[in-house]
2 protein chains.
Amino acid sequence: MSQHRHPGAPGRAGAVPALPDLPEATVARLPEYLRALHNLAETGHETVSSEGLANAAGVNSAKLRKDLSQLGSYGTRGVGYDVGLLIDQIEYVLGLTQRRAVALVGVGNLGHALAGYDGFASRGFRIAALLDADQERVGEEINGLVVQHIDELPRVAAEESIAIGVIATPAAAAQRVADQLVAVGVTSILNFAPCVLSVPEGVDVRKVDLAIELQILSFHEHRKASLTALPAAGGSALTALPGGLAVTESQEAIGT
Amino acid sequence: MSQHRHPGAPGRAGAVPALPDLPEATVARLPEYLRALHNLAETGHETVSSEGLANAAGVNSAKLRKDLSQLGSYGTRGVGYDVGLLIDQIEYVLGLTQRRAVALVGVGNLGHALAGYDGFASRGFRIAALLDADQERVGEEINGLVVQHIDELPRVAAEESIAIGVIATPAAAAQRVADQLVAVGVTSILNFAPCVLSVPEGVDVRKVDLAIELQILSFHEHRKASLTALPAAGGSALTALPGGLAVTESQEAIGT
DNA sequence: TAGATTGTTAATCGATTAACAATC
DNA sequence: TAGATTGTTAATCGATTAACAATC
């Protein structure tokens, strides 16, 4: 093409950052590529081929090249991709050049663990506030943060510029918390409560439901069992497992 | 694997349980329908229309009818679906008529929370064993279960008929744990470690990565910000949020 | 019968993939 | 130049959706 444009890439001042409107499936895979690239960087790799990165991320190489081509043209034919450049580019697109502040609501069993999860800090986020509706829990200190009452949310949101709300309350409380988050201007919510949330247009909600993941696996267990239970039907069942290793496609399925 | 008979689907006594090969997108939504149906049953509803159930599950009604039609024909035209019958049918298809035993490996921060998560027990699963490679943690009691050393896995798997393995170890340990699970015959794995696992064909892996969920939200935050940063472009931006509520489509996206 | 709602069709949309020309 | 690998094309596959005939 004419030249390598870095649309609003790090270092570009002035121009409006024209963020490409990526397919959702691509967006969901970029973080996986990013993680693989960080691993490669740590082990001293300066370039990587689409084949190599695809293996590290558990996808096929055509899909990887297609995904990366949506960001622009950052590879070199005959050589591969520059690991550092690609990290910068993906981090830029994902909006990770700023460390976003997260408010975690609900400091029960799961919320407690999330508050202590260092994977958030190491991958671009800062847990800026812990909130709970239970006065019993207010004042408790977890990982250097003091739990505050949910009614403090308006003040906290303003002070900390909360960008993302994480809901780890029981299902019965989740909608009310979502409403409160929306009311203070939060437009991105990660919901761990097993319920559907209603939010206005323009607010993004992602849901993680641990029991649902197990139920999906249960279906496949059930299905595999029903196949091996048909011995008369002959050859084509899954009974004989080949010894070779392969990355199962289902590993990509989450978060899509 | 085929140690005992599946209770036949309602209405199909005697016949081989011919489990339909459902589209993955449908499988991923069935647990959400099931949860919504349980809510309806608890609030005294005996029947529900596709419109009503679709609202409760956060999907559109055409999709819901299409999904349910894959299971067979369990609705009544002009009336709707029988809540109890549909619960039985979905639970059968998902293999939830037996309570599956789960082994949880890695009892650190997150694993601790998972061990105490009552959503597993209430939705068809039994945490049958807690395992860890760290001798310091062996012997600790969590929620009535004593943490055992990972080397006990072969014995535990045989004694408890483990159907699903949950990996909540650091990334560096996850592949080795997966190999150990596969070696004792586990064919379904839920992986919370931020890494790709290699497993033989026939083994299903699902991955939950909390930081990836935040990074996907971060992309959308970044994108929304880049849109509102274009004031000259006039009318069509997302700045003016309509007051009406709507269930965002992105809520369905996980686990697909 | 009249009204309601399912189950199915068919059009459309989006995602995946193999293949290969472009090009380093 | 010869070999390697990207970026793109086009075919295919799977998922979504509106519309409506079937039917309770």
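Below, all heavy atoms of this structure are taken into account, side chains as well, without hydrogens, waters or symmetry copies.
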Check the distance between [N]'s [atom2] and [X]'s [atom1] and give it to me in whole angstrom.
X	N	atom1	atom2	result
B:L71	C:dT6	CG	P	14 Å
A:N55	D:dT5	CG	P	13 Å
A:L64	C:dT16	CG	P	12 Å
A:L68	D:dT6	CG	C1'	10 Å
B:K66	D:dC20	NZ	P	17 Å
A:K63	D:dT12	NZ	P	19 Å
B:E51	D:dA18	CD	P	11 Å
A:Y81	D:dA4	OH	P	18 Å

Legend entry - Check: B:R123 side chain, A:Q215 main-chain N or O, donor-acceptor pair, under 3.5 Å: no

Inset, instruction - Examine distances only and state if a side-chain atom of A:Q175 and a backbone atom of A:S198 form a donor-acceptor pair shorter than 3.5 Å. - result: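 Here the side-chain-to-backbone pair exists.
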
Just how far is it from atom [atom1] of [X] to atom [atom2] of [Y], taken to the nearest 0.5 Å?
X	Y	atom1	atom2	answer
A:L96	A:D88	CG	CG	11.5 Å
A:Y33	A:L86	OH	CG	10.5 Å
B:I87	B:Q89	CD1	CD	12.0 Å

Inset, instruction - Verify the contact: side-chain N or O of A:S50 to OP1 or OP2 of D:dT6, cut-off strictly under 4.0 Å; return yes or no. - result: yes

Legend entry - Any B:T76 side-chain nitrogen or oxygen under 4.0 Å from OP1 or OP2 of D:dC24: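 So the side chain of B:T76 is outside the cut-off, no N or O lying under 4.0 Å from OP1 or OP2 of D:dC24.
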
Legend entry - Candidates D:dT23, D:dT17, C:dC24 - which lies nearest the side chain of A:R77: C:dC24

Legend entry - Options C:dG7, C:dA19, D:dT17, nucleotide nearest the side-chain atoms of A:R65: C:dA19

Legend entry - Which residue lies more 5' along DNA chain C, comparing B:G80 with A:V79 via nearest heavy atoms: B:G80

Inset, instruction - Please step through salt bridge (Lys or Arg N to Asp or Glu O under 4.0 Å) for the pair A:R35 and B:D209, ending with a clear verdict. - result: CA-CA 11 Å; A:R35 192 196 44 71; B:D209 188 319; 5.0 Å; no

Inset, instruction - Give the stems involving DNA chain C, where a stem is 3 or more consecutive Watson-Crick or G-U wobble pairs (i with j, i+1 with j-1, and so on) under 3.5 Å. - result: C:3-24 with D:3-24

Inset, instruction - Could you tell me whether A:E32 and A:R29 have a side-chain N and a carboxylate O separated by less than 4.0 Å? - result: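 No salt bridge links A:E32 with A:R29.
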
